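What follows is a short report on a single structure.
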Amino acid sequence: MKQLSNRRILLGVTGGIAAYKSAELIRRLKDHGADVSVVMTAAAMEFITPLTLQALSGNPVHTTLLDPEAEAGMGHIELARWADLILIAPASADFMARLANGRGDDLLTTLCLATAAPIALAPAMNQGMWRDPATQANAATLTARNIALFGPAAGEQACGDVGPGRMLEAEELAALAASIFNTRLLDGVHLTITAGPTREAIDPVRYISNHSSGKMGYALAAAAADAGAIVTLISGPTNLACPERVTRLDVISAQDMFDATMATLGSCQLFIGCAAVADYRPVNVAEQKIKKNNDTMHIDLVRNPDIVSTVAHRKPRPVTIGFAAETQDLIRYARGKLERKNLDLIIANDVSNTAIGFNASDNAVTAIWKDGECNIQQMGKHQLASELVRLIAQQFFPAKS
Ligand code: C5P
């Protein structure tokens, strides 16, 4: 089932250059099954036309509060009742100020006052405007009122500045919108998840490692935390920021990752092995940098402990989930691992396809368990993570889903 099936999302678009991304956001929300209706502020219409958003959403775009014709169709109170979620993307500094002050001076602010649905904002503005104490105070007021803030991200801005204030990408926003409906699916569940590569030292400056970016594990940690899980993320070296509400333990080698994992098992109810753990490590780590005196070099390697398999063979044990990255015969190899490692679920992905898997932003997987399997089509890793959290909750923590 698509994550946003039967969900009615009222997308508010306010005035900012990021309004062009709203068009893509509508497509993403619809891809995931949502029914999208758009409300634009007057300033938003300076950046993108209602016609574009109407064509993409397949629904009339609402723009004015005091329009007798519009009120005769779906008036502002009906619209406020219609929405399962009001998502405002982009949310300008001015819009945040008006919302924080409880203003009802246009259709969108009025809807926000009238609705009982959750409200989420994706702020987008110049970094100086975002950092301004007035905007920060408004953001704090809105958060205190249980209005979710999605982002903003930091990076290059349309005006040439660099800093916080970029609107999140459409795919991330769609995943976060889905997570609003996923909340509490893993309420209070203690999750330990490994992510990223490990590094196996050869000498003080060299190591053996792999191409894992950690993106999938971090996305899963974030989605599980959004679903109410208490998450410990045991991470090999990556360039990623720790997701909010997640406790991260940084490790380097497979043995470190093994030790850190075992130390969490007392309270752990769900373990997900998402790390690309090096299978072997050098038997001896040279104390000094090895000199290149010979044309060939020989390093003796020894097997690393299999973390996920060790966890899965313990008694008692948490629900244990592994990944299988394969380049051929995906399902057969993955089923073999499911059995051999004694897992409850294995998530198989084809890493021979460079559009998905290692280092890519997208992934497509088959989730396999003892007497079933399910394909999850290619999508962004954040969206996929939300799908997987839902599947895991349904299969293993049904009381909460
Ligand atoms: O056997 P293979 O490495 O393909 O299995 C992949 C799964 O096993 C992943 O879930 C990975 O995190 C886990 N694994 C592990 N410890 C290892 C090797 C793999 O936990 N030493």
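In each ligand, atom 1 is the first atom listed, and ligand 1 is the first ligand listed. Hydrogens, waters and symmetry mates are skipped; everything else that's a heavy atom, side chains included, is used. All values reported here derive from a predicted model rather than from experimental measurement.
In terms of protein heavy-atom proximity, atom 7 (C) of ligand 1 is closest to Phe323 O, 3.0 Å. Nearest protein heavy-atom contact of atom 18 (C) of ligand 1 is Val277 CB, 3.7 Å. The closest protein non-hydrogen atom to atom 3 (O) of ligand 1 is Asp279 OD1, 3.9 Å. Taking atom 14 (N) of ligand 1 as the reference point, the nearest protein heavy-atom neighbour is Asp306 OD1, 3.9 Å. Here the protein heavy atom with the shortest distance to atom 13 (C) of ligand 1 is Val308 CG1, 3.6 Å. The protein atom (non-hydrogen) at minimum distance from atom 4 (O) of ligand 1 is Lys337 NZ, 2.4 Å.
For Ala324, the closest heavy-atom approach to ligand 1 does not fall below 4.0 Å. The shortest heavy-atom distance from Glu326 to ligand 1 is not under 4.0 Å.
Interface atoms of ligand 1 facing Lys341, defined by a heavy-atom separation under 4.0 Å, are 1 (O), 2 (P), 5 (O), 6 (C), 7 (C), 8 (O), 19 (C). For ligand 1, the atoms sitting less than 4.0 Å from at least one non-hydrogen atom of Ala275 are 11 (C), 12 (O), numbered in the order shown with element in parentheses.
The salt bridge (charged side-chain N to carboxylate O under 4.0 Å, His left out) test with Glu169 is passed by exactly one of Lys381, Arg28, Lys21: Lys21.
Annotation for Asn126 and Cys159: closest pair ND2-SG, 3.4 Å, computed over non-hydrogen atoms. Of all the heavy atoms in Lys370 and Leu338, the pair that sits closest is N-CD2, 3.9 Å.
At under 3.5 Å, a nitrogen or oxygen of Ile307, whether backbone or side chain, sits near a nitrogen or oxygen of ligand 1. Distances between N or O atoms of Gly273 and those of ligand 1 include at least one value under 3.5 Å. Annotation: Ala278 places no N or O atom under 3.5 Å from an N or O atom of ligand 1; distance criterion only.
Between the choices Ala254, Pro305, Gly322, the shortest heavy-atom distance to atom 21 (N) of ligand 1 belongs to Pro305.
Taking CG of Leu233 as the reference point, atom OG1 of Thr194 lies at 8.5 Å (rounded to 0.5 Å). One finds the CG atom of Leu142 at 6.5 Å from the CG atom of Leu149 (value rounded to the nearest 0.5 Å).
The closest side-chain donor-acceptor pair between Asp106 and Thr109 falls under 3.5 angstrom.
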Would Asp187 and Phe397 satisfy side chain to side chain contact (heavy atoms under 4.5 Å, CB included), going step by step from the backbone distance to the final call? CA-CA 9 Å; Asp187 198 13; Phe397 300 93; over 6 Å; no
In sequence, state the C-alpha distance, the side-chain angles, and the governing distance for Asp31 and Glu171, and then conclude on side chain to side chain contact (heavy atoms under 4.5 Å, CB included). CA-CA 10 Å; Asp31 283 349; Glu171 130 74 13; over 6 Å; no
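Side chain of Asp259 to main chain of Asp256: no donor-acceptor pair is present (N/O by atom type, distance under 3.5 Å, no hydrogens or angles).
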